Amino acid sequence: MTATIKLTYFDTRGRGENIRVALSLAKIPFEDERLSKEQFEERKETFPFLQLPCLTVDGQIYCQSVSILRYIGKIGKLYPEDPLLALKVDSIIDYTEEIRDVMAPSFKEEDDAKRIAMREGYVQNDFPRMFARLEKYVDSDEFCVGTTTTIADIAVSYLVTMMTIGFIGGVPKNVLDGYPKLLGIKKRFTGLPEYQAWENRSRQ
Ligand SMILES: N[C@@H](CCC(=O)N[C@@H](CS)C(=O)NCC(=O)O)C(=O)O
């Protein structure tokens, strides 16, 4: 019997989007529950770590975005069975989390000028070495690992998209211009008909 799956997150991409994309790509039916801040506060105590995203599978609730993504990868055939390939997938995703962590303080800064200055600092000092390491580590300009789509491709595509759409003030759209493999992975992945179908559906 197919499990009943519900993803609970806010009505933003944030830490929920990679999971939504994985579920869609794997054609796993799910309820896409999106809470307002008020709804979240009302229900906060019911979430195990008082945070989102959470995944409810057959009435049982689970949390931590990367763990959930990996679970969907496993049931959706977007995660290698070979332990070493799986290790590589995990390490790439963990590194995208480290890049996210570098930027996290800037999202809490309320002063516009200070926030932009912080990000200009990341672009100058942190991103070049981090992007270069990731660029060197991924297998090709099409796939992060091997020759099949994995959840690492989802994570890298999301990172590249966020960095290059001009969404993060202070980060120029061309920040990844010197990293052809990362750009290529995003280009191939976001060109998949299954990904396009999700984008079209989620924008309606
Ligand atoms: N490590 C956790 C972090 C989760 C997290 O920080 N969630 C934020 C939204 S992105 C949240 O629930 N914030 C509300 C709060 O902490 O009150 C994960 O990856 O799931």
Side-chain angles (χ1 to χ4, degrees), residues 1-83 85-101 103-104 107-108 144-145 148-162 165 167-168 186 189-190 192-204:
M1 207 176 77
T2 323
T4 303
I5 293 184
K6 176 172 75 174
L7 175 71
T8 305
Y9 192 62
F10 300 102
D11 191 16
T12 58
R13 293 183 184 232
R15 291 185 180 276
E17 189 65 6
N18 287 345
I19 303 167
R20 294 184 189 120
V21 169
L23 283 158
S24 302
L25 226 68
K27 299 190 169 54
I28 297 170
F30 71 105
E31 182 186 341
D32 189 3
E33 183 180 47
R34 296 174 184 237
L35 302 187
S36 65
K37 286 278 172 208
E38 294 72 30
Q39 289 169 322
F40 170 70
E41 289 302 329
E42 275 169 27
R43 290 173 49 186
K44 190 168 179 171
E45 299 292 328
T46 69
F47 302 122
F49 296 153
L50 283 67
Q51 291 175 324
L52 296 176
C54 284
L55 192 78
T56 310
V57 183
D58 288 339
Q60 190 71 38
I61 191 161
Y62 303 90
C63 41
Q64 286 296 334
S65 59
V66 177
S67 305
I68 296 170
L69 179 63
R70 192 177 300 116
Y71 166 72
I72 302 302
K74 285 176 183 170
I75 64 169
K77 309 242 177 292
L78 295 166
Y79 189 75
E81 289 189 10
D82 179 284
L85 295 180
L87 171 60
K88 184 142 187 181
V89 165
D90 287 342
S91 55
I92 289 168
I93 296 172
D94 286 348
Y95 203 59
T96 65
E97 288 292 304
E98 281 192 27
I99 294 171
R100 189 194 282 254
D101 289 347
M103 278 205 300
F107 286 98
K108 293 188 182 137
C144 285
V145 179
T148 55
T149 300
T150 65
I151 52 172
D153 297 314
I154 298 178
V156 166
S157 291
Y158 183 75
L159 175 75
V160 172
T161 301
M162 285 298 123
I165 56 172
F167 170 73
I168 306 171
K186 181 245 170 189
F189 179 77
T190 55
L192 290 175
E194 297 90 341
Y195 178 82
Q196 292 290 329
W198 162 250
E199 274 288 293
N200 293 339
R201 191 148 60 92
S202 65
R203 286 210 187 125
Q204 278 169 7

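The shown structure was predicted, so the numbers you read here are calculated from the model rather than taken from an experiment.
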Give a yes or no on whether the backbone of [Y] and the side-chain of [X] come within a donor-acceptor separation of less than 3.5 Å.
{"X": "Asp153", "Y": "Thr150", "value": "yes"}
{"X": "Ser157", "Y": "Ile154", "value": "no"}
{"X": "Glu45", "Y": "Leu50", "value": "no"}
{"X": "Tyr158", "Y": "Gly14", "value": "yes"}

Can you list the residues that meet the side chain to side chain contact (heavy atoms under 4.5 Å, CB included) rule with Arg43, with sequence neighbours excluded?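 For Arg43 the side chain to side chain contact (heavy atoms under 4.5 Å, CB included) partners, ignoring immediate neighbours, are Lys6, Thr8, Glu33, Leu35, Thr46, Phe47.
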Distance check, rounded to the nearest 0.5 Å: [X] atom [atom1] versus [Y] atom [atom2]?
{"X": "Ser24", "Y": "Glu199", "atom1": "OG", "atom2": "CD", "answer": "10.0 Å"}
{"X": "Leu69", "Y": "Leu55", "atom1": "CG", "atom2": "CG", "answer": "11.0 Å"}
{"X": "Tyr95", "Y": "Glu98", "atom1": "OH", "atom2": "CD", "answer": "6.0 Å"}
{"X": "Arg34", "Y": "Leu7", "atom1": "CZ", "atom2": "CG", "answer": "8.5 Å"}
{"X": "Phe30", "Y": "Thr4", "atom1": "CZ", "atom2": "OG1", "answer": "14.0 Å"}
{"X": "Thr149", "Y": "Leu78", "atom1": "OG1", "atom2": "CG", "answer": "7.0 Å"}

Shortest non-hydrogen separation from [X] to [Y] and the atoms involved:
{"X": "Val156", "Y": "Cys144", "answer": "CG2-SG, 3.5 Å"}
{"X": "Trp198", "Y": "Glu17", "answer": "NE1-OE2, 3.0 Å"}
{"X": "Ile28", "Y": "Gly76", "answer": "CD1-CA, 4.1 Å"}
{"X": "Leu25", "Y": "Tyr195", "answer": "CD1-N, 3.8 Å"}
{"X": "Pro53", "Y": "Tyr9", "answer": "N-CD1, 3.5 Å"}
{"X": "Asp32", "Y": "Arg20", "answer": "OD1-NE, 3.0 Å"}

After noting the C-alpha distance and the side-chain angles of Phe189 and Val160, does the key distance pass the side-chain contact (heavy atoms from CB on, under 4.5 Å) rule? CA-CA 11 Å; Phe189 179 77; Val160 172; over 6 Å; no
Counting neighbours of CD on Glu31 that are heavy atoms of other residues, nucleotides or ligands and sit closer than 6.0 Å, is the number greater than 12?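 Buried by this count: over 12 neighbours within 6.0 Å.
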More than 12 heavy atoms from other groups under 6.0 Å of CZ on Phe167: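 12 or below, so no.
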Under a 4.5 Å cut-off applied to non-hydrogen side-chain atoms, are [X] and [Y] in contact?
{"X": "Met162", "Y": "Arg100", "result": "no"}
{"X": "Arg15", "Y": "Leu52", "result": "no"}
{"X": "Ile151", "Y": "Ile72", "result": "no"}

Please test Ile75 against Ile5 for side-chain contact (heavy atoms from CB on, under 4.5 Å), starting from the C-alpha separation and ending with a verdict. CA-CA 12 Å; Ile75 64 169; Ile5 293 184; 4.1 Å; yes
